[in-house]
**Student:** 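One structure follows; several queries about it will come next.
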Number of protein chains: 2
Amino acid sequence: MLKGHLDAIVLAALETGPAHGYAIIEAIKSRSGTTFDLPEGTVYPALHRLEQAGWLASNWMTQSGGRRRRVYALTKSGTAALADGRKAWRRFAEAVNASLGGRTWPA
Amino acid sequence: MLKGHLDAIVLAALETGPAHGYAIIEAIKSRSGTTFDLPEGTVYPALHRLEQAGWLASNWMTQSGGRRRRVYALTKSGTAALADGRKAWRRFAEAVNASLGGRTWPA
DNA sequence: TTCCATACCTAGCAACGCTAGGTATCCAGA
DNA sequence: TCTGGATACCTAGCGTTGCTAGGTATGGAA
């Protein structure tokens, strides 16, 4: 369960440059230290949703072998959405930390 | 949206002692700095679910005026569930922070 | 030639939290 | 007096979200 922050995580994975779906999944897994090993059924629909929202733009790329990949890139509003997502995450995380009490926050 | 961590937040609100539903809502609002102003339709079903799971025990208390309150208390397994919830939150928060990159984590 | 990794897709489900409605008591103010 | 707001509880049903489980197809290695 990604608890509603999947969009921001996907957008963040594209911040360093365009990538195709499969690579995005790998990037998220790697960045999260394998904690987020997302099934394709989670990521592909999310990419479609984000493109629908205007936060991503996609292009079909054909490899030399004839293999097709869909490469996604952040749009301008996608970059803004990512910034919003980071703020929302931070606010949320602080509120949860305060609510849970104790030493939930790492040094 | 509480993104799946509502249970832990409710359990944490009861860590300092038994309380009734309405007071729990107030406690969560206060602890979170008003970020979590949860509707009753969120909290009451959650309390029922947590009791069903054996993490809370409830007793009807009748006030002097004849007013009824249902007071919830953490059970032993509820305390354990809270500890698990804290660990889960911490792991999740660290993975999101790593995935989002940038300075999402406060000093 | 068989298998695995790569690479994409979608229908349908389950869980979660919220909306929106309901009931009832207590107390302050008009 | 009586009206409204705070207190205090409840639930049916909805929308979103992410996942399961199935499908298609190519490339390369064993």
Side-chain angles (χ1 to χ4, degrees), chain A residues 1-11 13 18-30 32 35-53 55-56 58-72 81 85 88-89 92 95-96 99, chain B residues 1-11 13 18-30 32 35-53 55-56 58-72 81 85 88-89 92 95-96 99:
Chain A
M1 268 289 205
L2 284 162
K3 339 259 174 171
H5 295 285
L6 172 61
D7 289 3
I9 290 170
V10 169
L11 293 175
H20 62 282
Y22 207 82
I24 292 170
I25 292 174
E26 294 302 312
I28 291 172
K29 184 176 4 178
S30 150
S32 70
T35 301
F36 297 146
D37 194 356
L38 306 183
E40 303 176 6
T42 292
V43 177
Y44 287 119
L47 289 170
H48 301 161
R49 198 164 22 90
L50 293 173
E51 186 169 23
Q52 208 69 29
W55 295 342
L56 297 181
S58 75
N59 274 92
W60 281 102
M61 300 290 190
T62 309
Q63 304 282 89
S64 49
R67 198 156 169 175
R68 278 152 36 100
R69 281 175 173 174
R70 192 147 151 184
V71 174
Y72 291 88
W89 160 251
F92 172 73
V96 175
S99 300
Chain B
M1 268 285 205
L2 283 163
K3 340 262 173 168
H5 295 285
L6 171 61
D7 288 4
I9 291 169
V10 170
L11 293 175
H20 62 284
Y22 207 82
I24 292 169
I25 292 174
E26 294 301 311
I28 292 172
K29 186 178 358 179
S30 150
S32 70
T35 300
F36 297 146
D37 194 355
L38 306 183
E40 303 176 6
T42 291
V43 176
Y44 287 120
L47 289 169
H48 301 161
R49 198 162 24 87
L50 293 173
E51 184 169 26
Q52 207 70 28
W55 295 341
L56 296 182
S58 75
N59 274 91
W60 281 104
M61 301 288 191
T62 308
Q63 305 282 89
S64 50
R67 200 157 168 173
R68 276 151 37 99
R69 282 174 171 175
R70 191 148 151 184
V71 175
Y72 291 89
W89 160 250
F92 172 73
V96 174
S99 300

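All chains are named by letter (A, B, ...) in the order of the sequence lines, taking the proteins before the strands, and each is independently numbered beginning at 1. Only this structure's heavy atoms are used, side chains among them; waters, hydrogens and symmetry mates stay out. Small disclaimer: the values here were computed from a predicted structure and weren't measured.
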**Student:** In whole angstrom, what separates Asp37(A)'s CG from dA5(C)'s C1'?
**Tutor:**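 Distance, rounded to whole Å: 14 Å.
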**Student:** Please check the phosphate of dC9(C) (OP1 and OP2 only) for any side-chain N or O of Arg70(A) closer than 4.0 Å.
**Tutor:**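 Yes, such a contact exists.
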**Student:** What class does the angle between the rings of Phe36(B) and Phe92(A) fall in, given that below 30° is parallel, 30 to 60° is tilted and above 60° is perpendicular?
**Tutor:**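 The arrangement is perpendicular - the two ring planes meet at more than 60°.
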**Student:** Would you kindly give the NE2-to-C1' distance between His5(B) and dA15(C), to the nearest whole Å?
**Tutor:**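 Atom-to-atom, His5(B) to dA15(C), this comes out as 14 Å.
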**Student:** Would you mind reading off the distance between Ile25(A) atom CD1 and dC9(C) atom P, rounded to a whole angstrom?
**Tutor:**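 Computing the Ile25(A):CD1 to dC9(C):P distance gives 10 Å.
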**Student:** Side chain of Arg67(B) only, please: which of dC9(D), dT25(C), dA5(C) is the nearest?
**Tutor:**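 Selected nucleotide (nearest to the side chain): dT25(C).
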**Student:** Look at all strands and tell whether Gly21(A) reaches a base, only sugar-phosphate, or nothing, counting heavy atoms closer than 4.0 Å.
**Tutor:**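 Result for Gly21(A) = sugar-phosphate.
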**Student:** Assign each of Ala23(B) and Ala46(A) to its nearest nucleotide of DNA chain D by heavy atoms, then name whichever residue's nucleotide is nearer the 5' end.
**Tutor:**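 Per heavy-atom nearest nucleotide, the more 5' residue is Ala23(B).
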**Student:** Measure from CH2 on Trp60(B) to P on dC9(D) and round the result to the nearest Å.
**Tutor:**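 Computing the Trp60(B):CH2 to dC9(D):P distance gives 6 Å.
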**Student:** If the condition is side-chain hydrogen bond (donor to acceptor under 3.5 Å, both in side chains), which residues does Glu51(A) pass it with, not counting sequence neighbours?
**Tutor:**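 Only Ser58(A), Arg70(A) meet the side-chain hydrogen bond (donor to acceptor under 3.5 Å, both in side chains) criterion with Glu51(A).
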**Student:** Taking 4.0 Å as the cut-off, does a side-chain nitrogen or oxygen of Tyr44(A) come that near to OP1 or OP2 on dC9(C)?
**Tutor:**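 No, Tyr44(A) has no side-chain N/O under 4.0 Å of OP1/OP2 on dC9(C).
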**Student:** For Glu51(B) and dT11(D), what is the distance between atoms CD and P respectively, to the nearest whole Å?
**Tutor:**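 Going from Glu51(B) (CD) to dT11(D) (P), I get 12 Å.
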**Student:** Could you list the residues that satisfy salt bridge (Lys or Arg N to Asp or Glu O under 4.0 Å) with Arg68(B), not counting sequence neighbours?
**Tutor:**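 Counting only residues at least two positions away or on another chain, Arg68(B) forms no salt bridge (Lys or Arg N to Asp or Glu O under 4.0 Å).
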**Student:** Would you give the length of the straight line joining atom CG of Leu47(B) to atom OH of Tyr72(B), rounded to the nearest 0.5 angstrom?
**Tutor:**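 Leu47(B) atom CG to Tyr72(B) atom OH measures 4.5 Å (nearest 0.5 Å).
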**Student:** Identify each atom pair where a protein N or O and an N or O of nucleotides 27-29 of chain C are less than 3.5 Å apart, giving names and distance.
**Tutor:**
none

**Student:** Determine whether Ile9(B) and Leu38(B) satisfy the following criterion, side chain to side chain contact (heavy atoms under 4.5 Å, CB included), listing intermediate values before the conclusion.
**Tutor:** CA-CA 11 Å; Ile9(B) 291 169; Leu38(B) 306 183; 5.5 Å; no
**Student:** What's the CZ-C1' distance between Phe92(A) and dG17(C), to the nearest Å?
**Tutor:**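 Interatomic distance, CZ of Phe92(A) to C1' of dG17(C): 12 Å.
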**Student:** Take the protein atom NE2 of His20(B) and the nucleotide atom P of dC10(D), then report the distance between them rounded to whole Å.
**Tutor:**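 The distance from NE2 of His20(B) to P of dC10(D) comes to 11 Å, rounded to the nearest Å.
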**Student:** Any side-chain N or O of Arg49(B) below 4.0 angstrom from OP1/OP2 of dA15(C)?
**Tutor:**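 Answer no for this pair, as no side-chain N or O of Arg49(B) is under 4.0 Å from OP1 or OP2.
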**Student:** Between Leu47(A) (CG) and dC8(C) (P), how many Å, whole number?
**Tutor:**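 Interatomic distance, CG of Leu47(A) to P of dC8(C): 9 Å.
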**Student:** Taking OP1 and OP2 of dT7(D), is either one under 4.0 Å from a side-chain nitrogen or oxygen of Tyr22(B)?
**Tutor:**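 It does, given that an N or O in the side chain of Tyr22(B) lies less than 4.0 Å from OP1 or OP2 of dT7(D).
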**Student:** For the backbone of Ile28(B) and the side chain of Ser32(B), can you confirm whether one donor and one acceptor N or O come within less than 3.5 Å of each other?
**Tutor:**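 Yes: the side chain of Ser32(B) pairs with the backbone of Ile28(B).
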**Student:** Would you say His48(B) reaches dT11(D)'s phosphate, i.e. side-chain N/O to OP1/OP2 under 4.0 Å?
**Tutor:**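 For dT11(D), OP1 or OP2 has a side-chain N or O of His48(B) closer than 4.0 Å.
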**Student:** Tell me whether the side-chain N/O atoms of Arg68(A) come closer than 4.0 Å to OP1 or OP2 in dT6(C).
**Tutor:**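 Checking Arg68(A) against dT6(C): no side-chain N or O falls below 4.0 Å of OP1 or OP2.
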**Student:** Could you measure the distance from the CG atom of Asp7(B) to the CH2 atom of Trp89(B)? Nearest 0.5 Å is fine.
**Tutor:**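 Answer rounded to 0.5 Å: 14.5 Å.
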